[in-house]
Engineer: 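The structure is given below, and queries will be raised subsequently.
Each ligand, and each atom within it, is numbered from 1 in the order the structure gives.
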Amino acid sequence: MSDIVLDIAGLSVAYGQVSVVNELTLQVRRGRIATIVGSNGAGKTTVMKTVVGLLAPVAGTIRFEGSDIAGLPSDDIVRAGLALVPEGRRLFRSMTVLDNLRTGAYLRDDKAAVAQSLELVFSYFPILAERRQQIAGNLSGGQQQMLAVGRALMSKPRLLLLDEPSIGLAPVVVDQIADIVTTVSRSGTDVLMVEQNAALALELAQDAYVLENGRLVMQGPAAELAQSDAVRQAYLGM
Ligand code: ATP
């Protein structure tokens, strides 16, 4: 089996006439965390939405485990094994933690398997088990991000897409996010993460892509990019 889990080639996406992602080529490899870094408006969220079928590409292919999923309906893409944790988390804030988690399994009808996934999520994030009957909107920011990740894991994905997991969170909570991403990856779910917080992203990921104005301007091992002058000046404030 190929070690390339997600293989994006020549991907272009536009909003009407406005081209936002141009000929992007990117790969996520099995067992490794990949990240797309770039400033506000670079097109990162657009890439994520396109991969999970919320936007249709103008051109290009998106292969997941060998099959082209570009342009498929979102439900089919979730069934194929991808899940998105959206920017801003998008929880059902007035519902309980447990009900939020259950919504993540909406396409699965094997109750025993869903119960197993729930136990797995609770084992990753014990605080969610403790607070399962609480209203999601009352959780702290970090706990809400755990819940958003947990909900995505309830579809039992093999590839998790994380859009700006650290946004709006205090530095101490950002450390928790780092732990979450590492936990998920080590448990065998591959990860593609987009981040404005390049320091965090380059620390966590093994493979990195830098997007500017919808174009890939740099790519390589995250540790190498973190040392490059261009990245340090533009994204790490050094
Ligand atoms: P952010 O960190 O702000 O989410 P990003 O890198 O994820 O930034 P995108 O959200 O993908 O960037 O946006 C890329 C470009 O597309 C921006 O110029 C943005 O203004 C534009 N854009 C995003 N959504 C829409 C939309 N629904 N209609 C038109 N233009 C959009």
Engineer: Check this for me, if you would: do E23 and R215 make a salt bridge, where the nitrogen-to-carboxylate-oxygen distance has to be below 4.0 angstrom?
Structural biologist: no
Engineer: Going by the atom numbers of ligand 1, which of them fall below 4.0 Å from some non-hydrogen atom of E87?
Structural biologist: 4 (O)
Engineer: Might you point out which heavy atoms bring T50 and T46 nearest each other, and give the distance in Å?
Structural biologist: OG1-O, 2.6 Å
Engineer: In a check of salt bridge (Lys or Arg N to Asp or Glu O under 4.0 Å) between D3 and each of R29, R30, R32, which one passes?
Structural biologist: R29
Engineer: So, for atom 20 (O) of ligand 1, does the protein have a heavy atom nearer than 4.0 Å?
Structural biologist: no
Engineer: Please step through side-chain contact (heavy atoms from CB on, under 4.5 Å) for the pair Q219 and V210, ending with a clear verdict.
Structural biologist: CA-CA 6 Å; Q219 71 178 87; V210 180; over 6 Å; no
Engineer: Quick test: of every protein heavy atom, which one is nearest to atom 15 (C) of ligand 1, and how far off is it to 0.1 Å?
Structural biologist: V20 CG1, 3.5 Å
Engineer: Closest heavy-atom contact between G43 and V21?
Structural biologist: O-CG2, 3.8 Å
Engineer: Where do N213 and N22 come nearest, in terms of heavy atoms and distance?
Structural biologist: O-ND2, 4.0 Å
Engineer: Which atoms of ligand 1 are found less than 4.0 Å from any heavy atom of E164?
Structural biologist: 2 (O)
Engineer: Applying a strict under-4.5 Å side-chain criterion to I, L, V, M, F, W and Y, I'd like to know whether M48 and I167 cluster together.
Structural biologist: no
Engineer: Under 3.5 Å, is there a donor-acceptor pair between the T35 and Y209 side chains?
Structural biologist: no
Engineer: With a 4.0 Å cut-off on heavy atoms, is G43 touching ligand 1?
Structural biologist: yes
Engineer: How far is atom 3 (O) of ligand 1 from the closest protein heavy atom, and which atom is that?
Structural biologist: N40 OD1, 2.4 Å
Engineer: Can you name the atoms of ligand 1, numbered from 1 with element, that are less than 4.0 Å from a heavy atom of A42?
Structural biologist: 5 (P), 6 (O), 12 (O)
Engineer: List in chain and number order the residues that pass side-chain contact (heavy atoms from CB on, under 4.5 Å) with S123, two or more places apart in sequence or in another chain; answer none if no residue qualifies.
Structural biologist: L120
Engineer: Around atom 5 (P) of ligand 1, find the nearest protein heavy atom and jot down its residue, atom name and distance.
Structural biologist: K44 N, 3.4 Å
Engineer: Can you pull out the closest protein heavy atom to atom 22 (N) of ligand 1? Residue, atom name and distance to 0.1 Å, please.
Structural biologist: Y15 CE1, 3.4 Å
Engineer: I need the nearest protein heavy-atom contact for atom 10 (O) of ligand 1: residue, atom name and distance, please.
Structural biologist: T45 CB, 3.6 Å
Engineer: Specify the protein heavy atom at minimum distance from atom 18 (O) of ligand 1: its residue, its atom name, and the distance to 0.1 Å.
Structural biologist: G41 O, 4.0 Å
Engineer: Which residue owns the protein heavy atom closest to atom 2 (O) of ligand 1, what's the atom, and how far is it?
Structural biologist: Q196 NE2, 2.9 Å
Engineer: Report the nearest protein non-hydrogen atom to atom 13 (O) of ligand 1: residue, atom name, distance rounded to 0.1 Å.
Structural biologist: T46 OG1, 3.8 Å
Engineer: Could you establish whether S39 and ligand 1 come within less than 4.0 Å of each other, counting only heavy atoms on the residue side?
Structural biologist: yes
Engineer: Any Lys/Arg nitrogen of E164 or K44 sitting under 4.0 Å from an Asp/Glu carboxylate oxygen of the other?
Structural biologist: yes
Engineer: Has K49 got any heavy atom lying under 4.0 angstrom from an atom of ligand 1?
Structural biologist: no
